[in-house]
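Order of appearance sets the numbers: ligands from 1, and atoms from 1 within every ligand. For the numbers below, each heavy atom of this structure counts, side chains included, while hydrogens, waters and symmetry mates do not. In what follows, residues are counted from 1 in the order of the sequence shown.
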Amino acid sequence: MDKIIINGGRPLYGDVRISGAKNAALPILASALLTEGTNTFHNIPDLVDIKTIKKLLTSMGAQISGTETVEINVDKITDCTASYDLVKTMRASILVLGPLVARAGMAKVSLPGGCAIGARPVNLHLKALEEMGAHVELSNGYIEAKAKRLKGAEISFDLPTVTGTENIMMAATLASGVTVLNNAAREPEIVNLADVLKGMGAKISGAGTDVITIEGVTSLTPTEAEVIPDRIEAGTFMIAAGMTGGELNITGCNPHHLEALINKLRDTGMEISSSKNRLKVSSSDKINSVDIKTTPHPGFPTDLQAQMMAYMSIASGLSVISETVFENRFMHVSELIRMGADIVIQGGNAVVRGVPKLRGAQIMATDLRASASLVLAALVAEGQTEISRVYHIDRGYETIEKKFSALGADIKRVK
Ligand code: UD1
């Protein structure tokens with residue numbers, strides 16, 4: 001199993017280009033199930049999760065070629081099953097559920113079950129499909145959903161679920177009648193998916209707000225579209241600049257998607273300037289501590305909570321980090337403590353008392369974003385850090401060690 005070895009203490013300088021967003025590319029690739037003919041998608045990141053969804057779609061009859069630009073043809077859906085083997089490695093496999101029921105009239109998708117960051121059920125996806133007239137059954141660990149043709153419905157999500165909104169938005173494109181999604185998630189990835197679906201001929205309005213309206217059509221046609229930049233990758237590099245005492249020019253990003261983070265980082269003392277698709281970020285001598293509360297977009301993203309905690313662990317003063325989106329999303333804490341951080345968990349809050357220095361240690365990556373926080377901590381720690389189980393990082397960060405090394409970090413991957 002690969003490991004990443006980092007000798008900390010080097011400030012990062014230079015230009016880094018952001019890859020396409022994993023969380024936009026996954027639903028966009030799944031949306032190809034809705035059309036016959038060849039869809040072309042640009043700016044797809046080269047990640048393990050993308051390989052997983054390609055494998056899943058291929059098992060359903062898709063013909064797929066290309067890496068950064070992906071051509072995907074699903075003239076015929078040959079199998080409507082998403083097996084446990086693939087769903088267990090990536091929960092987002094659930095994104096095939098809506099498109100399959102909408103186009104093929106049936107789907108059999110393994111239940112994702114629990115994961116490292118909490119229970120993460122899919123009950124809201126299933127309830128919405130039932131409200132659209134699907135017959136949904138759970139048997140032998142699989143969700144089986146059937147509907148001759150889904151019917152438009154007024155759906156109110158109890159929580160603004162990101163993949164739930166995406167799944168039901170895709171399902172509704174081919175339903176008969178109008179579907180209204182109330183309390184929909186507002187993430188930029190949802191807007192990106194809606195734009196792709198509109199390019200296929202879907203009638204959608206309100207994406208990016210909490211009410212999305214979809215007027216069903218009888219068929220969709222293939223499209224060509226571009227995936228938005230990965231705001232979580234961009235945010236991780238911004239925090240890296242602040243932590244290491246460096247200055248970075250982050251290109252190919254969308255600063256509008258990062259407003260909550262930019263405001264917090266300015267409060268820590270960082271200097272940030274932005275233009276259309278570029279951010280210039282500089283660290284400050286003193287890192288002010290700030291409190292963080294994760295909430296759905298446009299609030300502070302839960303996917304940057306762990307990285308922000310690594311930053312706050314070397315700030316001057318006390319920071320309270322509240323996680324309100326997922327329970328149990330503090331697996332990085334015990335590893336940060338092994339590196340000398342002073343963090344106490346109290347329910348959904350982590351109380352972080354900044355320390356002057358972190359120290360290198362042997363640590364273990366536990367989930368995708370937790371792993372990114374450990375890389376950040378290692379970049380400033382005194383001495384050497386060895387991070388094992390880095391396959392978690394490869395799920396969501398494209399060539400992370402190459403990008404950091406080009407900015408001056410002493411980082412390498414060993415097999
Ligand atoms: C997506 C992102 C993930 C991010 C998360 C929150 C993708 C592929 N993944 O995950 O990176 O951390 O949004 O921004 O886009 N919930 C239910 N029942 C449901 C669905 C969700 O109770 O049926 C709860 C979850 O347990 C969680 C909250 O709703 O507490 C939000 O989860 P959700 O937005 O669905 O996260 P994902 O779409 O899985």
Side-chain angles (χ1 to χ4, degrees), residues 20-31 45 47-50 52-53 56 86-87 89-98 109 111-131 136 138 143 145 155-171 181 183-193 210 227-228 230-233 235-236 257-258 260-261 293-308 322-332 348 367-373 392-393 395-397:
K22 167 180 90 69
N23 286 353
L26 291 171
I28 287 173
L29 288 170
S31 75
L47 301 169
V48 172
D49 273 10
I50 297 297
T52 305
I53 195 123
L56 179 61
L86 290 173
V87 179
T89 61
M90 186 184 72
R91 294 187 83 262
S93 305
I94 192 74
L95 284 164
V96 297
L97 179 65
V109 178
L111 265 173
C115 74
I117 57 173
R120 293 182 90 177
V122 290
N123 58 314
L124 303 176
H125 305 226
L126 304 188
K127 185 166 164 264
L129 274 182
E130 281 178 334
E131 284 167 358
V136 180
L138 301 181
I143 302 159
I155 289 158
S156 295
F157 289 115
D158 293 344
L159 291 166
T161 159
V162 176
T163 48
T165 301
E166 292 163 347
N167 234 337
I168 303 308
M169 187 164 72
M170 288 191 277
L181 305 181
N183 200 23
R186 291 184 279 167
E187 272 65 6
E189 292 75 19
I190 288 168
V191 179
N192 196 189
L193 173 65
D210 59 358
V227 169
I228 56 170
D230 197 308
R231 61 197 167 98
I232 307 303
E233 189 197 13
T236 303
H257 296 164
L258 284 154
L261 177 70
K293 183 177 179 181
T294 65
T295 50
H297 194 77
F300 192 93
T302 174
D303 284 351
L304 285 169
Q305 177 257 108
Q307 299 87 317
M308 201 65 190
S322 314
E323 174 57 59
T324 75
V325 178
F326 291 112
E327 80 271 27
N328 192 25
R329 200 175 197 178
F330 286 138
M331 279 83 52
H332 41 287
D367 75 50
L368 170 52
R369 305 304 170 185
S371 326
S373 81
H392 289 291
I393 303 181
R395 287 189 45 216
Y397 289 87

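- Against a heavy-atom cut-off of under 4.0 Å, Arg329 is close to the following atoms of ligand 1: 12 (O).
- Note that OH of Tyr397 and CG of Leu47 are 10.5 Å apart. Values are rounded to the nearest 0.5 Å.
- In terms of polar-atom proximity, defined here as any N/O pair under 3.5 Å, Pro121 does make such a contact with ligand 1.
- Under 4.0 angstrom from ligand 1, the non-hydrogen atoms of Asp303 all belong to its side chain.
- At a 4.0 Å heavy-atom cut-off, ligand 1 touches Leu159 through the side chain alone.
- Comparing Val162, Val122, Ile190 by heavy-atom distance to atom 13 (O) of ligand 1, the nearest is Val162.
- A donor-acceptor pair shorter than 3.5 Å cannot be found between the side chains of His332 and Gln307.
- Residues Asn167 and His125 bring a donor and an acceptor atom of their side chains to less than 3.5 Å of each other.
- Checking only distances, Thr161 does come within under 3.5 Å of ligand 1, N or O to N or O.
- To the nearest 0.5 Å, atom OG of residue Ser373 and atom CG of residue Leu304 are 11.0 Å apart.
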Practice prompt. Go through Lys22 and Glu233 one step at a time and tell me if the salt bridge (charged side-chain N to carboxylate O under 4.0 Å, His left out) criterion holds.
Written response: CA-CA 9 Å; Lys22 167 180 90 69; Glu233 189 197 13; over 6 Å; no
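- Residue contact check for ligand 1: Glu323 places no non-hydrogen atom closer than 4.0 Å to it.
- Against a heavy-atom cut-off of under 4.0 Å, Ala92 is close to the following atoms of ligand 1: 8 (C).
- Although no hydrogens or angles enter the test, the distance criterion places a donor-acceptor pair under 3.5 Å between the side chain of Glu323 and the main chain of Phe326.
- With a 4.0 Å heavy-atom cut-off, ligand 1 is reached by the backbone of Asn123 and by its side chain too.
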List, one per line, each side-chain donor-acceptor pair under 3.5 Å for residues 157-165, sequence neighbours excluded.
residue, atom, partner, partner atom, Å
Thr161, OG1, Gly164, N, 3.0
Thr165, OG1, Thr161, O, 2.6
Thr165, OG1, Ala185, N, 3.1

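- Close approach to His125 involves these atoms of ligand 1, each under 4.0 Å from a residue heavy atom: 23 (O).
- The backbone N or O of Arg329 lies less than 3.5 Å from a partner atom in the side chain of Gln305, making a donor-acceptor pair.
- Taking the side chain to side chain donor-acceptor pair (under 3.5 Å) definition, one finds that Thr295 meets it with nothing, sequence neighbours left out.
- Nearest residue to atom 23 (O) of ligand 1 from Leu124, Thr324, Thr294 is Leu124 (criterion: closest heavy atom).
- Those atoms of ligand 1 with a heavy atom of Arg91 less than 4.0 angstrom away are 39 (O).
- Of all atoms in ligand 1, listed by their number and element, those nearer than 4.0 Å to a heavy atom of Thr302 are 6 (C), 12 (O), 14 (O).
- For ligand 1, the polar-atom distance check against Leu26 finds no nitrogen or oxygen pair separated by under 3.5 Å.
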